[in-house]
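Working notes for the structure below.
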Amino acid sequence: MKTFFAVLGVISARFVAAHYTFPDFITGSTVAADWQYVRETANHYSNGPVTSVTDPEFRCYELDLTNTAGETSTAAITAGSTVGFKAVSINSAIYHPGYLNVMMSKASPAANSAEAGTGQTWFKVYEQKPTYADGQLTFPSETQQQFTFTLPKSLPSGQYLMRVEQIALHVASTYGGAQFYIGCAQVSVTGGGSGTPGPLVSIPGVYTGYEPGILINIYDLPANFTGYQAPGPAVWQG
């Protein structure tokens with residue numbers, strides 16, 4: 001019996017170790033505390049992924065769709081500044097091969113409101129696409145502990161949700177196999193410009209799950225494969 005539970009413990013540890021969350025928001029070179037600016041997700045303990053692209057939880061995967069937003073602080077950032085996210089897991093890294101991107105939504109009435117981001121208001125500001133060479137894909141986000149990027153200087157001032165998403169593709173050869181690791185930071189942007197972010201999409205609604213960048217066997221690519229097709233809208237450059 002002791003042996004059984006010991007083996008079970010090892011299996012469980014490996015399962016959790018292979019998964020991750022994004023609880024830490026980065027501004028400049030400062031890494032915030034867990035869930036200080038990122039809405040605490042329902043997988044904060046299990047680290048398990050989201051697999052349905054149609055559920056309301058797909059937006060930010062909050063622990064509580066009604067109350068988590070109001071319990072989360074809002075980070076003050078500047079248009080044109082450096083921001084990012086840090087992954088947390090037993091391995092302290094993004095473990096699976098996949099596609100990483102960040103979307104933003106103007107927050108109405110405020111970033112700490114449960115209603116924020118519920119319309120066709122989301123636009124993409126960053127991505128790390130898998131690269132294709134010599135017949136195989138390489139995944140830049142795999143094994144990264146954290147990442148940062150520069151916000152467009154023309155991003156208008158105001159409150160936003162900033163949503164990190166890593167789509168793990170290691171078991172994505174069948175529908176529903178792709179694993180989504182998600183987190184939404186609440187931010188207030190100052191010093192912004194007069195840009196018009198877009199194209200705008202809804203979350204959920206941005207994916208069907210049948211996109212070639214989501215439904216894909218990365219270990220057995222088709223003979224006519226020419227490169228990874230990122231799902232969702234193009235990146236808004238500002």
Side-chain angles (χ1 to χ4, degrees), residues 21-23 25-26 37-42 49-62 65-66 68-70 72 74-75 77 79-81 83-85 98-129 141 147-168 178-189 192-214 229-238:
T21 58
F22 292 97
F25 185 61
I26 302 172
Y37 300 121
V38 178
R39 296 181 178 182
E40 187 170 17
T41 51
V50 180
T51 55
S52 171
V53 300
T54 60
D55 291 342
E57 290 81 1
F58 184 66
R59 186 177 303 110
C60 291
Y61 202 23
E62 297 100 330
L65 288 175
T66 302
T68 300
T72 307
T74 299
I77 60 175
S81 64
V83 296
F85 291 86
Y99 165 70
L100 179 114
N101 73 93
V102 177
M103 292 194 193
M104 295 183 69
S105 168
K106 200 70 180 288
S108 178
N112 65 352
S113 166
E115 292 77 27
T118 55
Q120 189 174 336
T121 54
W122 293 89
F123 56 97
K124 190 179 294 182
V125 291
Y126 178 73
E127 68 179 357
Q128 286 188 15
K129 289 177 60 175
S141 64
F147 70 94
T148 58
F149 65 98
T150 303
L151 286 172
K153 291 184 178 180
S154 61
L155 178 69
S157 298
Q159 295 202 4
Y160 292 84
L161 294 182
M162 185 180 295
R163 178 183 183 271
V164 58
E165 172 188 81
Q166 201 256 356
I167 308 175
Q179 298 179 353
F180 297 82
Y181 296 90
I182 297 164
C184 284
Q186 300 179 172
V187 302
S188 180
V189 177
S194 57
T196 305
L200 300 178
V201 297
S202 300
I203 302 176
V206 61
Y207 308 138
T208 65
Y210 290 99
E211 290 81 0
I214 294 177
Q229 298 181 45
V235 173
W236 179 66
Q237 303 291 345

Value for CD1 (Ile214) from CD1 (Ile167), rounded to nearest 0.5 Å, stands at 4.5 Å
Mind telling me whether Tyr37 and Phe25 have parallel, tilted or perpendicular rings, with 30° and 60° as the class edges?
-> perpendicular
Flag the pair Met104 / Pro197 as yes when at least one side-chain heavy-atom distance between them is below 4.5 Å, and no otherwise.
-> no
Which distance, rounded to the nearest 0.5 Å, do you find between the NZ of Lys129 and the CG of Leu100?
-> 13.5 Å
Is the shortest heavy-atom distance from the side chain of Pro233 to the side chain of Val206 under 4.5 Å?
-> yes
Quick one: ring pair (Phe, Tyr, Trp, His ring centres under 6.0 Å) partners of Phe22, sequence neighbours excluded?
-> none
Are any of the side-chain heavy atoms of Leu151 and Ser81 separated by less than 4.5 Å?
-> yes
Does the gap between the ring centers of Tyr61 and Phe180 come in under 6.0 Å?
-> no
For the student: nearest non-hydrogen atoms of Ile26 and Thr148, plus distance = CG2-CG2, 3.9 Å
For residues Cys184 and Met162, determine if any side-chain heavy atom of one lies less than 4.5 Å from a side-chain heavy atom of the other.
-> no
Output for pair (Thr150 OG1, Leu155 CG), nearest 0.5 Å, gives 12.5 Å
Does the side chain of Arg163 reach to within under 4.5 Å of the side chain of Val102, using non-hydrogen atoms?
-> no
Any side-chain heavy-atom pair of Ile77 and Val189 under 4.5 Å | yes
